[in-house]
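Ligands are counted one by one from 1 in listed order, and the atoms in each one are counted from 1 as well.
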Amino acid sequence: MSEKIIITENLVKRFPVGDGEFTALNNINLSFEKGEFSGIIGPSGSGKTTLLNIIGSLDSPTEGSATVLGHRISDLSHKESAFLRNMHIGFIFQVYNLLPVYTVFENVEFALILQKRSATERKKAVMQALEWVGLENMADKKPSKLSGGEGQRVAIARAMVKRPELVLADEPTANLDAKNAHAILKTMKTLNKELNTTFLFSTHDEKVMDYLNRLVRLEDGEVDKDDIVQPKYMV
Ligand SMILES: Nc1ncnc2c1ncn2[C@@H]1O[C@H](COP(=O)(O)OP(=O)(O)O)[C@@H](O)[C@H]1O
Ligand SMILES: [Mg+2]
């Protein structure tokens with residue numbers, strides 16, 4: 001049975017620029033089902049990040065709607081959208097922003113402190129998440145001691161530790177070499193299969209596209225193509 005967890009209807013996003021406006025997204029009608037492993041692709045400036053930010057309730061549409069996990073984004077108060085993000089959405093960004101004074105364990109644990117989970121529960125969930133990304137032996141390290149690939153894996157653990165329904169990954173391989181990029185994509189694909197977590201990427205990296213089941217291509221803020229594809233790599 002299919003369950004649409006993201007629906008956009010006639011979504012438009014305009015930004016004020018000088019005296020006028022710039023249309024970053026125009027009339028976007030898309031839906032994504034639970035368990036998809038799909039990507040928003042397209043050249044730089046085509047609107048990928050803007051769309052992901054709206055789906056992640058970090059921003060809202062100017063016109064039309066985005067409904068995510070049953071919530072209409074533009075109807076949510078600040079508190080409600082923060083709650084939706086804390087409980088149900090994991091973010092993986094290009095610049096993964098680990099907190100430098102905290103250990104790997106504490107960086108991953110933070111999401112669960114926001115959820116007010118007990119220390120016992122947190123310990124178990126954090127160690128499980130670090131195992132998923134193969135960093136269980138790095139729990140006590142500070143981010144400055146990690147390689148780029150390891151840092152990005154901590155960012156995946158941080159997004160996955162709360163077992164969110166939806167993970168939004170904005171150009172997650174942009175700072176990685178090919179070997180690390182393939183390793184993190186395999187990890188994400190495995191988690192997608194095992195936990196049925198829905199992943200939505202933004203990318204223009206061919207390596208990422210090779211793992212995806214669906215490619216939605218944006219061009220100047222409009223959906224140019226939307227194709228179901230056979231991924232080159234399975235796990
Ligand atoms: N806050 C903003 N104010 C004005 N223009 C913006 C803002 N955010 C994005 N844009 C513009 O919207 C377009 C799409 O940006 P973005 O979604 O970041 O594209 P992509 O992620 O595909 O590179 C770009 O032309 C960008 O300059
Ligand atoms: Mg972007």
Side-chain angles (χ1 to χ4, degrees), residues 5-32 36-68 72-74 76-78 81-82 84-85 89-98 148-149 151-153 155-156 158-159 164 166-178 180-181 184-185 188 198-227 229:
I5 71 166
I6 300 167
I7 304 167
T8 73
E9 289 178 304
N10 304 324
L11 185 157
V12 176
K13 180 67 182 180
R14 294 195 195 93
F15 291 112
V17 180
D19 294 338
E21 281 182 327
F22 174 79
T23 304
L25 293 171
N26 192 22
N27 202 32
I28 306 289
N29 289 286
L30 288 170
S31 65
F32 296 91
E36 278 198 42
F37 200 72
S38 8
I40 311 290
I41 63 168
S44 182
S46 56
K48 303 183 296 295
T49 295
T50 304
L51 182 56
L52 236 57
N53 285 347
I54 294 173
I55 290 169
S57 81
L58 295 167
D59 203 349
S60 25
T62 312
E63 282 172 30
S65 67
T67 305
V68 178
R72 216 178 127 99
I73 297 301
S74 49
L76 299 177
S77 66
H78 273 293
S81 65
L84 175 67
R85 290 192 298 273
I89 304 177
F91 291 90
I92 302 170
F93 297 105
Q94 174 178 348
V95 181
Y96 40 82
N97 290 325
L98 301 176
Q152 192 58 296
R153 273 147 66 199
I156 297 171
R158 182 180 56 185
L166 173 63
V167 170
L168 300 172
D170 194 359
E171 313 248 8
T173 57
N175 296 318
L176 299 180
D177 58 37
N180 278 307
I184 69 143
L185 285 158
M188 288 193 272
T198 309
F199 280 77
L200 182 59
F201 291 81
S202 134
T203 191
H204 47 230
D205 181 351
E206 293 281 347
K207 293 189 289 300
V208 177
M209 293 176 214
D210 284 344
Y211 287 82
L212 302 176
N213 304 88
R214 175 179 169 196
L215 303 176
V216 175
R217 187 172 196 284
L218 294 184
E219 180 81 59
D220 293 335
E222 300 196 7
V223 176
D224 172 49
K225 275 190 191 157
D226 183 355
D227 295 319
V229 290

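- Here the CD1 atom belonging to I184 is positioned 4.0 Å from the CD1 atom belonging to I156, to the nearest 0.5 angstrom.
- Summarising the contacts of atom 18 (O) of ligand 1 with T49, D170, L51, the nearest heavy atom is found in T49.
- Not a single donor-acceptor pair under 3.5 Å links the side chain of K48 to the backbone N or O of R217.
- Atoms OG1 and NZ, from T23 and K13 in turn, are 11.5 Å apart once rounded to the nearest 0.5 Å.
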Notebook entry, point to check: Could you go step by step and tell me if D226 and R214 meet the salt bridge (Lys or Arg N to Asp or Glu O under 4.0 Å) rule?
Noted result: CA-CA 7 Å; D226 183 355; R214 175 179 169 196; 2.9 Å; yes

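- With hydrogens left out, the protein atom closest to atom 12 (O) of ligand 1 is F22 CE2, 3.4 Å, a heavy atom.
- Under the 4.0 Å distance rule, the nearest protein heavy atom to atom 6 (C) of ligand 1 falls inside the cut-off.
- Scanning all protein heavy atoms for the shortest distance to atom 15 (O) of ligand 1 gives T50 OG1, 3.8 Å.
- Remark: K225 does not engage E219 in a salt bridge, criterion side-chain N to carboxylate O under 4.0 Å.
- Close approach to A24 involves these atoms of ligand 1, each under 4.0 Å from a residue heavy atom: 12 (O).
- The two atoms that bring S74 and P61 nearest to each other are CB-CD, 4.3 Å, heavy atoms only.
- The shortest contact between atom 4 (C) of ligand 1 and any protein heavy atom is with F15 CB, 3.3 Å.
- Coordination check, T49 versus the Mg ion (ligand 2): passed, since an N/O/S atom of the residue sits under 2.8 Å.
- Atoms CZ and CG, from F201 and L185 in turn, are 5.5 Å apart once rounded to the nearest 0.5 Å.
- The heavy atom nearest to atom 14 (C) of ligand 1, considering only P16, S202, G45, is found in G45.
- Contact analysis puts P43 in contact with ligand 1, with a non-hydrogen atom separation below 4.0 angstrom.
- In this structure, F22 has its ring center no closer than 6.0 Å to that of F15.
- Set against the non-hydrogen atoms of S44, the atoms of ligand 1 under 4.0 Å away are 23 (O).
- The nearest heavy-atom contact from the protein to atom 19 (O) of ligand 1 is G47 N, 3.3 Å.
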